[in-house]
Amino acid sequence: MKIIFLGAPGAGKGTQAEFVSKELGIPTISTGAIIREACKAGTDMGRKAKEFIERGALVPDDVVIGIVKERLAKSDCDKGYILDGFPRTVPQAEALDAMGVKLDAVVSLEVPDEEIVRRMSGRRVCPSCGKTYHTAHNPSPNGDACECGTALSIRADDAPDVVRSRLQVYHSSTEPLKEFYSKKGLIRVVVGADALEDTKKRTFLALGI
Ligand code: AMP
């Protein structure tokens, strides 16, 4: 299956994508995680992307499209994949079409803005393996450390003022994709504002798995 998770930053795309990935045995491709890795490694792309990420802006389409093209060419994508955080603009969605990708479903994970701002304050990420947690809704069994043992940290772009810019960017640039994929009959709306397990059930139901 080829699945896209659409939704505001902090809606829980990464967490739900991980559940589906385990269930179906297909990889999750998170452009955010790939870009953060590149920033940490200090590659050319990482250095260019850093200034966009830090102010809550989108990294330019051509850069992200290049990342995805390269990643989808790897053999673990042969049986399908989940895209988490891509596409985020109509030109990115058009580029995916141009790559010849035939999607099975686009899950639109819907959470009100106020809930997003509240959630982001509890989000923690592992700087080593990239796994994400939430202090209240999805805590690590190791407390302040990841399951891999590394101390968890707070993403710089989860600061409240950056979150508000990211939400604005989501509404202006990414939300139009709901219309784009509705026209193709691919959208499955999932309410994501309740408990994690409820969202998981609704997501699996929406995907027929
Ligand atoms: P995420 O982890 O998905 O919230 O992504 C973190 C940041 O990476 C975003 O705020 C953007 O700056 C950048 N990013 C990730 N995916 C994309 C994308 N598809 N297009 C543009 N920028 C992206």
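First listed ligand is number 1; within each ligand, the first listed atom is number 1. Nothing here was measured: the structure is a model prediction, and the numbers come from that model.
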Would you mind listing which atoms of ligand 1 come within a distance below 4.0 Å of any non-hydrogen atom of [X]?
X      : answer
Ile53  : 8 (O), 12 (O)
Thr31  : 15 (C), 16 (N), 17 (C), 19 (N)
Arg166 : 4 (O), 10 (O)
Gly85  : 16 (N), 17 (C), 18 (C), 19 (N)
Gln92  : 18 (C), 19 (N), 20 (N), 21 (C)

Side-chain contact test, heavy atoms from C-beta onward, threshold under 4.5 Å: evaluate it for [X] versus [Y] and give yes or no.
X      : Y      : result
Gln92  : Val64  : yes
Leu83  : Ile3   : no
Ser140 : Tyr133 : yes
Met120 : Arg166 : yes
Val101 : Leu103 : yes
Val107 : Ile4   : no

Check this for me - ligand 1, [X], N or O atoms closer than 3.5 angstrom, yes or no?
X      : result
Ser30  : no
Pro87  : no
Arg36  : yes
Arg155 : yes
Phe52  : no
Arg88  : yes

Exercise for review: Return yes if some donor-acceptor pair links the side-chain N/O of Lys50 with the main-chain N/O of Arg36 below 3.5 Å, else return no.
Suggested key: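 Answer holds: no.
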Exercise for review: Tell me which protein heavy atom sits closest to atom 14 (N) of ligand 1, plus the residue, atom name and distance to 0.1 Å.
Suggested key: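 I find the closest protein heavy atom is Ile35 CD1, 3.7 Å.
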Point to revise | For atom 22 (N) of ligand 1, closest protein heavy-atom neighbour | key: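 For this ligand atom, the closest protein heavy atom is Val59 N, 3.0 Å.
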Practice item. Would you kindly specify which portion of Val64 sits under 4.0 Å from ligand 1, judged on non-hydrogen atoms: side chain, backbone, both or neither? Key: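 Side chain only.
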Review point. Taking heavy atoms and a distance under 4.0 Å, where does Lys13 meet ligand 1: side chain, backbone, both or neither?
Key: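 Looking at Lys13 and ligand 1, no heavy atom falls under 4.0 Å.
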Exercise for review: May I ask whether Ala57 places a heavy atom under 4.0 Å from ligand 1?
Suggested key: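 True for this residue.
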Review point. Taking a hydrophobic cluster as the set of Ile, Leu, Val, Met, Phe, Trp and Tyr residues connected by side-chain heavy atoms closer than 4.5 Å, whether directly or through intermediates, do Val162 and Ile53 fall within one such cluster?
Key: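 Each belongs to a different hydrophobic cluster.
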Review point. Same cluster or not: are Phe19 and Tyr81 linked, directly or through other Ile, Leu, Val, Met, Phe, Trp or Tyr residues, by side-chain heavy atoms under 4.5 angstrom apart?
Key: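 Different hydrophobic clusters.
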Review point. For Lys2, does the NZ atom sit with more than 12 other heavy atoms under 6.0 Å from it, leaving out its own atoms?
Key: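 More than 12 heavy atoms, drawn from other residues, nucleotides or ligands, come within 6.0 Å of this atom.
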